[in-house]
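Values reported hereafter were calculated over all heavy atoms of this structure, with side chains retained and with hydrogens, waters and symmetry mates removed.
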Amino acid sequence: MKEKIFEAKDVVVKFNLRGRTLTAIRGASIDLYQGETLAIVGESGSGKSVFTKSFIGMLDKNGWVESGSMIMDGVDFSGYKTEKEWLKVRGKKIAMVFQDPMTSLNPVKTIGEQIREVITYHFGTDKETAKQQAIELLRQVGINDAEQRYKQYPHEFSGGMRQRVVIATAIACRPQILICDEPTTALDVTVQAQILQLIKKLQKELNMSVIYITHDLGVVANVADRVAVMYAGQIVEYGLANEIFKDARHPYTKALLLSLPQLGVRGHDLHSIKGSPPNLYKEIKGDAFAPRNPDAMKIDYEYEPPFFKVTDTHYAKTWLLSDKAAAYSKELAEAEAKRAEIEPAPPHDFSNAKPLVSVRNLTVNFKLGRREFSAVRDVSFDIHEGETFSLVGESGSGKTTTGKAIMKICHTSGGEIYFDGMQVNRKMKNHELTEFRRNVQMIFQDPMASLNERAKVDYIISEGLYNFHAYKNEKERRQKVADAMHSVGLLEEYATRFPHEFSGGQRQRIGIARSLVVEPKFIVADEPISALDVSIRAQVINLLNQLKKEKGFTYMFIAHDLSVVRFISDRIAVMYKGRIVELAETEELFRNPLHPYTNALLQAAPVPDPDIERDKEVLVYDPSMHQYEFDKPYWSEVRPGHFIWANDPELEEYRARLQ
């Protein structure tokens, strides 16, 4: 058995908000062993970040640890109050990598200076030595030209590179425990795979223990030795990764796993968790998950369950494991097995459908100083009425620029865009523009940047209704807002709140409700679910599919997560550096991915199975593998409906592969 290096026991964390007391952590306990990776999973608001921030004294000024203990090296620091006390723990013993690297880095200081400061502050190292150590750390986290990069500022780095810098800063003090709070949420799948590999490598080299906070169960399968599932401020199940993924016992853990698009059946709704987490201002009676559990028993509403032992390493806090519930548990297991036998729906045939959106030879160029570069190059596709057409690729591939060009948010340098037979990329008359704006809506990737900070939710969602006079009276407007909020899983009482009072996932739902409320014909959804929890993601995917069936919506879905794209799309186009390199019907693309870049994306997408994830090799696409100097590539149909960007020798090879 490995040595236990940290123990948090019966931790209770409270916050004083607007004169009311909120109990964010309700008696949570974890153990951490030398060199292991523990993943803490759960929805937004379940207390994952608050719980781990309490280990390093980073609760905001309204929060405090009410009771419980946090012991490391024989010292209990749960009672620490001053910054001086916490500095003994923070950095050298426990360090943290935060979710958003841009807010963790100082925009007016160079990258190198920020890492050097940490080394000098904690070890008293002289400037020159600390500089050399900082450069070495940058090399260690996989940043090329470390000496050059040392002098650059955060805005000169890509998202993945910034995350590497944050990791370098965190490991500068050689901590015993590294807490990673959603370290890969906003990253592309290929960059995510590289960052996960990097953290594993550093963990081995520095002999660290790692606590991962995440809602992405694919990531958990890749990194975790043990998993703790958190709900409403409590750990409700914990065990080895294989036990949690293959033999989950708590209804909440099962529901989270069933919500994954990889486990969904095409053409059927994903399993989603109805309702909202409990109000933590009030005392919770019984099992906190009971109101959202359709299979809850009477006892779940009355008494809080204790932890029941499944194996020596696996425990779950549910009455279903009581001997008295054995017959009911068996009944539920049989019903679950039946659900797994559903057949996928056949793909829809759009060959005779009318194109709603047509893009022909679209080119978008941008100027950077005196240099001009192409963000989108010679892109063509049709989106048929009632279809979900997905654009996938890494950041910087031109997906969002293509979406913005269709929305008339950015200029076009060449080509044509048609919506419902009308050319869009030209000067439009006022009435045409108003009609176009009402029929074409966009769901943005970053909910914080796209919501008005000073407006309440009611006004934010109503904005489209006001602009297009899409309501008869105040009563109807309120009803439309309430319906839009319910459809994305938000409580009506949230209408009077401001955006900063919500979690990232909840803010994204506000953005989606705002787009849906005017009932457009066509929606450009730019990474609309990348910041969402597994269960909320399932609700939103079901919602988008349901609206497509009921109201005939057409979507262009921009994403980097291929598991989601597979479940929701009719056709997929893969973009790389401004060009579509492959386009096919969804199942055809997954069955026969031809382009090496498509293969790299598919390989990088995390799968919720520890056995597959642990042995996975990360493929890195190298564009220099193509011999395009003499044999130029062109857009070609290798089989009906399956298009690829390739030259003649490559096309020959691809066709042979499809025989």
Side-chain angles (χ1 to χ4, degrees), residues 1-17 21-40 42 46-99 104 117-124 166-167 169-183 199 202-203 206-214 225-226 228 230 233-235 238 280 307:
M1 190 68 181
K2 288 181 178 175
E3 181 200 346
K4 188 195 289 186
I5 63 159
F6 176 76
E7 175 185 41
K9 201 161 186 209
D10 301 326
V11 175
V12 174
V13 176
K14 295 190 175 183
F15 286 86
N16 192 346
L17 298 169
T21 302
L22 179 142
T23 309
I25 305 298
R26 304 180 304 120
S29 305
I30 59 160
D31 295 333
L32 189 65
Y33 296 91
Q34 182 64 48
E36 79 159 347
T37 301
L38 170 73
I40 302 179
S46 61
K48 310 183 298 290
S49 296
V50 169
F51 187 37
T52 46
K53 279 179 179 175
S54 70
F55 303 164
I56 52 173
M58 288 196 76
L59 298 172
D60 67 36
K61 60 180 187 296
N62 299 318
W64 69 94
V65 177
E66 173 86 358
S67 60
S69 58
M70 294 180 242
I71 298 167
M72 190 171 177
D73 298 334
V75 179
D76 180 358
F77 43 83
S78 59
Y80 283 4
K81 294 281 186 284
T82 65
E83 197 68 5
K84 193 179 175 186
E85 288 174 309
W86 280 115
L87 285 172
K88 294 176 199 165
V89 178
R90 210 182 291 153
K92 285 184 182 173
K93 288 188 175 178
I94 307 176
M96 197 159 189
V97 175
F98 291 98
Q99 182 173 351
S104 311
E117 274 181 348
V118 172
I119 299 166
T120 306
Y121 181 83
H122 282 280
F123 298 105
V166 172
I167 292 167
T169 312
I171 62 165
C173 300
R174 300 286 186 268
Q176 290 169 267
I177 299 171
L178 184 67
I179 299 172
C180 298
D181 186 358
E182 302 271 15
I199 293 172
L202 293 171
Q203 183 178 5
L206 306 173
N207 194 20
M208 290 187 298
S209 301
V210 177
I211 298 176
Y212 260 93
I213 301 165
T214 184
D225 300 310
R226 284 190 309 131
M230 207 161 185
Q234 287 187 332
I235 305 285
Y238 62 91
L280 295 175
F307 270 107

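Taken from CZ in Phe77 to NZ in Lys93, the straight-line distance is 7.0 Å, to the nearest 0.5 Å. Atom CZ of residue Arg174 and atom CG of residue Leu202 lie 9.0 Å apart, to the nearest 0.5 angstrom. Separation of atoms CD1 (Ile177) and CE (Met96) is listed at 12.0 Å; rounding is to 0.5 Å.
Looking at every heavy atom in both residues, Ala228 comes nearest to Leu38 through N-CD1, 4.2 Å. Across all their heavy atoms, Trp86 and Lys81 have their closest contact at NE1-N, 4.4 Å. Smallest separation of non-hydrogen atoms from Pro175 and Met208: O-CG, 3.2 Å.
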Which atom pairs, donor and acceptor, lie under 3.5 Å between side-chain atoms of residues 5-13 and protein residues at least two apart or in another chain?
from  : atom 1 : to    : atom 2 : distance (Å)
Asp10 : OD1    : Ser29 : OG     : 3.4

For residues 55-73, please give each side-chain donor-acceptor pair under 3.5 Å, one per line with the distance, not counting sequence neighbours.
from  : atom 1 : to    : atom 2 : distance (Å)
Asp60 : OD1    : Asn62 : N      : 2.9
Trp64 : NE1    : Glu66 : OE1    : 2.7

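Formation of a donor-acceptor pair under 3.5 Å by the Lys48 side chain with backbone atoms of Gly42 is found in this model.
Every residue meeting the side chain to side chain contact (heavy atoms under 4.5 Å, CB included) condition with Phe123, not counting sequence neighbours, appears here in chain and number order: Lys92, Ile119, Thr125, Cys173. Annotation: side-chain hydrogen bond (donor to acceptor under 3.5 Å, both in side chains) contacts of Asp181 (sequence neighbours excluded): Ser49. Looking at residues two or more places apart in sequence or on another chain, you find a side chain to side chain contact (heavy atoms under 4.5 Å, CB included) between Ala28 and Ile25, Phe51, Met230, Ile235. Legend: residues meeting side-chain hydrogen bond (donor to acceptor under 3.5 Å, both in side chains) with Asp76, ordered by chain and number and at least two apart, are Ser78. Annotation: side-chain hydrogen bond (donor to acceptor under 3.5 Å, both in side chains) contacts of Thr52 (sequence neighbours excluded): none. Residues meeting the side chain to side chain contact (heavy atoms under 4.5 Å, CB included) test with Thr37, sequence neighbours left out: Gln203, Val210, Tyr212, Val223, Asp225. With sequence neighbours excluded, the residues forming a ring-ring contact (aromatic ring centres under 6.0 Å, His included) with Phe307 are Tyr238, listed by chain and number. For Asn207, the side chain to side chain contact (heavy atoms under 4.5 Å, CB included) criterion is met by Gln34, not counting sequence neighbours. Take Ser46 and apply the side-chain hydrogen bond (donor to acceptor under 3.5 Å, both in side chains) test, not counting sequence neighbours, and it matches no residue.
Screening Ile171, Thr169, Leu178 for a side chain to side chain contact (heavy atoms under 4.5 Å, CB included) involving Val97 leaves a single residue, Leu178. Paired with Lys14 under the rule side chain to side chain contact (heavy atoms under 4.5 Å, CB included), one option of Thr23, Leu22, Leu280 passes, and it is Thr23.
The salt bridge (Lys or Arg N to Asp or Glu O under 4.0 Å) contacts involving residues 23-38 comprise Lys4-Asp31, Glu36-Arg226, where partners must be two or more places apart or lie in separate chains.
With contacts defined as side-chain heavy-atom distances shorter than 4.5 Å, the pair Cys180/Ile199 qualifies.
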